[in-house]
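Structure, as C-alpha cells:
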Amino acid sequence: LAKAYVALQAWKHAITSDPKNFTGNWCGPEVCNYTGVFCAAAPDDPHNLTTVAGIDLNHGNISGSLPEDLGLLADLALFHINSNCFHGALPESFRDLRLLYELDVSNNLLSGEFPAVVFDLPSLKFLDIRFNSYHGNVPARVFDLKLDALFINNNNFSFSLPPNIGNSPVSVIVMANNNLNSCLPSSISNMSKTLNEIIITNSGLTGCLPPDIGALKNVTVFDVSGNDLVGKLPHTIGKMKSLEQLNVAHNKLSGEIPESICALPKLQNFTYSDNYLCGEPEKCLKLPSEDDRKNCIPERPLQRSDEECAAFYSHPVDCGAYGCWPRS
C-alpha cells in the first residue's frame, strides 16, 4: 500500500480540475478509504496483505493526465475512468499491471497512436477506448488478444480490417465511426463460437457482405449501417438464427431481400432504408419493426424515383472489383 500511496498522490498532483471533488479525501496513507479506490486481499500473498485492486472514477468530469507512477499499482485488476477529461496517453508503466482485467478509459481526451501498452497486459479481457482522439493504425494483433469485449469506436483511426479478425474471441466488438475503408473479411466467420454483437457503423466499409457471415449463429446484433456496402444481402444471413437486430441502412445494397432473412425466428428489428433494394418478401412487412424507405421497391411508399433507380441499376455490381473476392 506504500507504493499505492506514492502512485495515487502523484496522480492527484497530475489532476488539474476535479469538479465533483472525487479526490478531495485523497490524503494520508489510508488509500483504501480514498473515494474511487477499492482494496482487496493481495492475490499472491501468503500473509493476506491488502492491496489496491480497483480504481473507479467514472463520470467525474476530472481533468488532468495519467502519470507513469500508476504502474506502481501492480495488483490492479480494474481501471475505470470513463467520462472524464483526461488527456495525453496511457502510461508506458501500465505494462507492469500483470493482473489488469478491465481497462475502460472511454469518453476522455486521450490521443496519440493506438495504445500499444495493451499488448503487454496478459490478463486483459475488457478494452474500452471509445470516444477519444486516438488516430492512425489499429495493429492487426489486436485481434489476436484474448479479449471478451473490444470497443474502439468514435476515434480517428484509419485502418483496414485484417484477415486475422477471425482470431478474436470477443463476444462484443464495436468499431463504429472510424475510417476503415475496407471490406468485411470472410474470416469473420471464425468468430462464430463467441461473437454476440458486432457494430461497424459509419466507417467506410466497402465491397459486398461475404456469405460467410451466415456462420455467426450466436450474433444477436449485426449493424453495418452508414457504410458503402454494395451487392446483394447474402441469403446465408437466414442462418444467423440468434439475430434480433439487423441494420444495413444507408448503404448501396441492391437486389431482392432473401425471404430467409425475414423468417429468422428472433428477428425484431430489420432496418434497410436508404439503399437500392428492389424487392422485399411479404414476411418482411410483418416484422415487429422494419424500415424500407428510400429504396427501389415497387408499390411501397417513400421510395427513390424511377430515374434514380434506373441509373443505379445501369451499372451492375461486381463484388470482385473491391479486391476482397475473386473477380466475377
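Computed over heavy atoms, backbone and side chain alike; hydrogens, waters and symmetry mates excluded. The chain is numbered in sequence order, starting from 1. Since the model is a prediction, treat every value here as computed from it, not as a measurement.
- Salt bridge R130/D104: absent, no basic N to carboxylate O contact under 4.0 Å.
- Taking each heavy atom of M175 and L161 in turn, the nearest pair found is CE-CD2, 3.6 Å.
- Looking at N218, its side chain does come within 3.5 Å of a backbone N or O of S192 through a donor-acceptor pair.
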(request) Begin from the C-alpha positions of R293 and D274 and carry the test salt bridge (Lys or Arg N to Asp or Glu O under 4.0 Å) through to its verdict. (result) CA-CA 6 Å; R293 290 171 297 175; D274 194 12; over 6 Å; no

(request) Given side chain to side chain donor-acceptor pair (under 3.5 Å), test D144 with N167 step by step and report yes or no. (result) CA-CA 6 Å; D144 294 325; N167 295 354; 2.9 Å; yes

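- Taking the six-membered ring where tryptophan is involved, the planes of F159 and F157 are perpendicular, since the angle between them exceeds 60° and thus also 30°.
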(request) Before giving the answer on side chain to side chain donor-acceptor pair (under 3.5 Å), spell out for S171 and D148 the whole-Å C-alpha distance, their side-chain angles and the decisive distance to 0.1 Å. (result) CA-CA 6 Å; S171 62; D148 179 55; 3.2 Å; yes

(message) Checking N25 against T35 for the side chain to side chain donor-acceptor pair (under 3.5 Å) test, could you report, in this order, the C-alpha distance in whole Å, the side-chain angles of both residues, the deciding distance, and whether it holds?
(response) CA-CA 7 Å; N25 67 352; T35 299; 3.2 Å; yes

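- Test N269, L287, L233, I237 against L246 for side chain to side chain contact (heavy atoms under 4.5 Å, CB included) and you get one pass: I237.
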(request) Please report the C-alpha distance between C262 and C284 in whole Å, then the side-chain angles of each, then the deciding distance to 0.1 Å, and finally whether the disulfide bond (SG atoms under 2.5 Å apart) criterion is met. (result) CA-CA 5 Å; C262 295; C284 299; 1.9 Å; yes

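- Of all the heavy atoms in K252 and D228, the pair that sits closest is NZ-OD1, 3.6 Å.
- If you check the side chains of S83 and N107, you find a donor sitting under 3.5 Å from an acceptor.
- Applying side chain to side chain contact (heavy atoms under 4.5 Å, CB included) to I257 and the options K232, E280, E290 leaves one that passes, E280.
- Panel note: side chain N84, backbone F86; no donor-acceptor pair is recorded below 3.5 Å.
- In this structure, a donor-acceptor pair under 3.5 Å is absent between the side chains of E244 and T220.
- A donor-acceptor pair under 3.5 Å is formed between the side chain of N251 and the backbone N or O of N227.
- At least one side-chain heavy atom of E113 sits less than 4.5 Å from a side-chain heavy atom of H135.
- Between the side chain of S242 and the backbone N or O of V219 there is no donor-acceptor pair closer than 3.5 Å.
- Here the straight-line distance linking atom CG of L97 with atom CG of L90 works out to 10.0 Å at 0.5 Å rounding.
- Between the side chain of S186 and the main chain of D212, no donor-acceptor pair closer than 3.5 Å is present.
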(message) I'd like to know whether T271 forms a side chain to side chain donor-acceptor pair (under 3.5 Å) with D291, so could you lay out the CA-CA distance, the side-chain angles of the two residues, the decisive distance to 0.1 Å, and finally the verdict.
(response) CA-CA 5 Å; T271 306; D291 185 352; 5.7 Å; no

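- Using bins of under 30°, 30° to 60° and over 60° for the plane-to-plane angle, the ring pair F126/F151 lands in the tilted bin.
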